[in-house]
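Below, chain A is the first sequence line, B the second, and so on; all start at residue 1. A quick note: this is a predicted structure, and the numbers were derived from the prediction, not measured.
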2 protein chains.
Amino acid sequence: MHEDVLRDVSSLFRGASAACLDGLLRRTIEHRVAPGTVLFDQAELPNFQIVLVAGSLQLFGRSGTQREVLIEVVRAPDLVIPAAVMSASPYLLQARAPEASHLLLIEADAFREAVAAEPGLAQAVIATLARQFRRMVRQAKSLKLQSSTQRVGCYLLALSERQGTPGQAHLPYEKHIIASELGMTRESFSRALASLEPAGLRVEGQVIAILDRDRLAAVAQPDPLIDPDARDDGPDASSPVLSAGAAPLHRRS
Amino acid sequence: MHEDVLRDVSSLFRGASAACLDGLLRRTIEHRVAPGTVLFDQAELPNFQIVLVAGSLQLFGRSGTQREVLIEVVRAPDLVIPAAVMSASPYLLQARAPEASHLLLIEADAFREAVAAEPGLAQAVIATLARQFRRMVRQAKSLKLQSSTQRVGCYLLALSERQGTPGQAHLPYEKHIIASELGMTRESFSRALASLEPAGLRVEGQVIAILDRDRLAAVAQPDPLIDPDARDDGPDASSPVLSAGAAPLHRRS
DNA sequence: GCATCGCCTTGATGCAGGTCAATGCCGCGC
DNA sequence: GCGCGGCATTGACCTGCATCAAGGCGATGC
C-alpha cells in the first residue's frame with residue numbers, strides 16, 4: 001500500500017517524520033469496507049485510530065433504541081474522531097460507511113505513543129481536532145440560531161459550492177439522513193425544499209437545481225461564522241499549525 | 001503571580017517542561033476582569049491564547065444583530081478556545097465573563113511556537129481540544145435527540161451532581177441565559193421547570209430543589225453518552241494523554 | 001415610603017415542525 | 001408483465017415551542 005496511500009494522507013501527517021510514520025505503518029492494518037459497514041458503535045472504547053484514506057464515514061448519534069441522527073460526516077482524508085482515541089474515552093457516536101471506503105487502522109496505544117513521541121504528528125492531530133471542534137461549534141450555532149428552512153437553504157448553498165456546481169446541488173445521501181443531520185424530520189425536510197421553490201429551487205430527485213443563488217441566499221441568510229467555510233472544512237486548507245516548523249512529507253508530484 | 005498561578009493551571013500544563021513554561025510566562029500578561037467584560041468578539045482573529053485561571057467565561061454565538069445564545073461555558077482551569085488560536089482562525093464565539101475572573105494572556109504566536117516546540121505542551125493542548133470537542137458532540141446530540149423538557153431535566157441533574165448537592169441545583173446564571181444554552185426561550189424554560197414540578201421539582205428563585213431524583217431521571221431520561229460526564233467535564237479528570245511521558249512541572253508544595 | 005428597572009412568570013395565541021397515515025414513485029426480482 | 005420493498009411526498013392533524021403581551025416580584029435609588 002505504501003507509497004500511494006501515504007500520498008493520500010500526506011496532508012494529515014505532513015508534520016511527522018518519515019521514520020515515525022514507518023514505525024506506525026508497521027502497526028497499521030489496511031482495510032477496505034463495503035457500503036453499510038459499521039466501523040464502531042457508541043459506547044465502545046476505541047481500539048484503533050482510524051484514518052480515512054478514501055471514501056467517507058457517517059457518524060450517528062443514537063438515543064436509547066429510539067431515534068438515530070447524523071451528527072457529522074468525515075470525508076477523506078481525515079482522522080476519525082481522534083478526540084475519542086486521544087482521550088481513550090468511549091465513542092459518543094456510531095461510524096458507518098455510506099460508500100466503499102478505504103481505511104487505515106492504527107492501534108490506539110501505538111498511535112497515542114507516536115503522537116507523544118513525534119511533535120510533528122502531534123501538530124497534525126491538533127490541527128485536525130481544532131478543525132473538527134470548529135465544525136461542531138458551527139453546528140451548535142446553526143441548530144440554536146437558524147430555522148429549519150434556513151438550515152436547508154444554507155446546506156444546499158454550501159453543498160453546491162463544495163461540489164463546484166453553482167447551479168445545482170447533488171444530495172450525497174438519502175434525504176431522511178440529511179434531514180437528521182440538519183436536525184429535523186424527513187417530512188419537514190421535504191416541505192422545506194418545497195417551500196424554497198419560490199426562491200428559485202427545483203427538486204429533481206437527488207439533484208436540486210439552484211436557479212437563483214442570490215434569492216436563495218436572501219431567504220437562507222447564510223452566515224460565514226455558522227455555515228461551512230472552506231477554511232474549516234477541508235483538511236487541506238492551509239493551516240498555520242501545520243506549517244509551523246513542519247517539513248512536507250511528500251511533494252504532490 | 002508565578003507560584004500560585006502556576007499551581008492553579010498545573011493540570012493544564014503538567015506535560016510541559018519548566019524551561020518552556022518560563023519562556024512562555026515571560027510573554028504572558030496576567031489579567032483580572034470584572035463581571036460583564038467581553039474578552040473577544042465573534043469574527044476577531046485571536047491575538048492571545050487565553051488561559052482561564054479562576055472564574056468562568058461564557059461563550060456566545062450571535063446571528064446578525066438578532067439573537068444571542070450561549071453555546072458553551074468555560075470553567076477554570078482551562079484554555080479558552082484553543083481551536084481558534086491553534087488554527088489562527090476567526091473566533092466563532094464571543095467570550096464574556098459572568099463573574100470576576102483571572103486570566104493569563106499568552107501571545108498567540110508565542111503559544112503556537114511553544115506548542116510546536118514542546119511535546120508535553122502539545123499533549124496538554126490535545127487533551128483540552130479532545131475534551132472540548134466531545135462536549136460539543138454531546139451538545140449536538142442533546143439538541144437533536146432530546147426534547148426541551150428532557151434537556152432541562154438533564155441539565156438540573158448534572159448541575160446538582162457537579163455542585164455536590166444531590167437534593168438541589170443552584171442555577172449559575174440568569175434563567176434566560178440558561179434557556180439559550182439549552183436551545184430554547186426563557187418562557188419555554190420557565191414552563192419546562194413548571195412542568196417538572198409533578199416529577200418532584202420545586203423552583204425557589206435560583207435554587208431548584210430536587211425532591212425525587214429517580215422520578216426526575218425517569219422523566220428526563222438522561223443518557224451517559226449525551227449528558228455531561230465527569231470524565232469529559234473537568235480538565236482534572238485523569239486522562240491518559242497527559243500521563244504519557246510527561247514529567248510533573250511543579251510539586252504541589 | 002414610592003417609582004423604576006430587570007428579570008421572571010403566566011396567559012393567550014399562532015406557527016413551525018413533528019406525528020400519523022395514505023399515496024406515489026422507482027428499482028428490483030421473479 | 002407483475003408484485004414487492006424502500007424511499008419520498010403529500011395531506012390531515014396535533015403538539016411543542018415561539019411569540020406577543022401583561023403582570024408579579026425583588027432589588028435599587030430617591
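Using a 4.0 Å cut-off on heavy atoms, none of the residues of residues 203-211 of chain A approach DNA chain C. Sorted by residue number, the members of residues 178-189 of chain A with any non-hydrogen atom under 4.0 Å from DNA chain D read Glu187(A).
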Return all side-chain donor-acceptor pairs below 3.5 angstrom for residues 163-170 of chain A, not counting sequence neighbours, or 'none' if the list is empty.
{"from": "Gln163(A)", "atom 1": "OE1", "to": "His170(A)", "atom 2": "N", "distance (Å)": "2.8"}
{"from": "Gln163(A)", "atom 1": "NE2", "to": "His170(A)", "atom 2": "O", "distance (Å)": "2.8"}
{"from": "Thr165(A)", "atom 1": "OG1", "to": "Gln168(A)", "atom 2": "O", "distance (Å)": "2.8"}

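The NE2 atom of His176(B) sits 12 Å away from the P atom of dT9(C) (whole-angstrom rounding). When rounded to the nearest whole Å, the span between CG of Leu193(B) and P of dC7(C) equals 18 Å. Going from atom NZ of Lys175(B) over to atom C1' of dT10(C) covers 13 Å, rounded to whole Å.
Ion pair Arg134(A)/Asp229(A) not flagged as a salt bridge, since none of the NZ, NE, NH1 or NH2 atoms sits closer than 4.0 Å to an Asp/Glu carboxylate oxygen. Between Asp223(A) and Lys141(A), no side-chain nitrogen of the basic residue sits less than 4.0 Å from a carboxylate oxygen of the acidic one, so the salt-bridge criterion is not met.
Screening residues 38-58 of chain B for salt bridge (charged side-chain N to carboxylate O under 4.0 Å, His left out) gives no qualifying pairs among residues at least two apart or on separate chains. Residue pairs meeting the salt bridge (charged side-chain N to carboxylate O under 4.0 Å, His left out) criterion with at least one partner in residues 178-200 of chain A, sequence neighbours excluded, do not occur; the list is empty. Residues in residues 158-176 of chain A take part in these salt bridge (charged side-chain N to carboxylate O under 4.0 Å, His left out) pairs, two or more places apart or across chains: Glu161(A)-Arg213(A). The list of ring-ring contact (aromatic ring centres under 6.0 Å, His included) pairs with a residue in residues 177-218 of chain A, not counting sequence neighbours, is empty. Pairs passing the salt bridge (charged side-chain N to carboxylate O under 4.0 Å, His left out) check and including a residue from residues 83-99 of chain A, sequence neighbours excluded, read Glu68(A)-Arg96(A).
If one axis is set at each end of the helix from dG1(C)-dC30(D) to dC30(C)-dG1(D) from five pairs, those axes are 20° apart, to 10°.
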Distances for protein N or O near nucleotides 26-28 of chain C N or O, under 3.5 Å:
none

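At distances below 3.5 Å, at least one donor-acceptor pair connects side-chain atoms of Gln42(B) with backbone N or O atoms of Arg62(B). Gln221(B) places no side-chain N or O within 3.5 Å of a backbone atom of Gln150(B) that could act as its donor or acceptor partner. Put simply, the side chain of Arg135(B) gets close to the backbone of Val73(B): a donor and an acceptor are under 3.5 Å apart.
Side-chain contact between Phe133(B) and Ser87(A): absent, with no pair of heavy atoms (C-beta onward) separated by less than 4.5 Å. Residues Gln132(A) and Pro82(A) have side chains in contact (heavy-atom distance under 4.5 Å, counting atoms from C-beta outward). For the pair Leu171(B) and Leu156(B), the minimum side-chain heavy-atom distance is below 4.5 Å.
For DNA chain D, the outermost nucleotides in 5' to 3' order that have an atom under 4.0 Å from a heavy atom of chain B are dC17(D) to dC20(D).
Shown here are the ring-ring contact (aromatic ring centres under 6.0 Å, His included) partners of Phe40(B), two or more places apart in sequence or in another chain: Tyr91(B).
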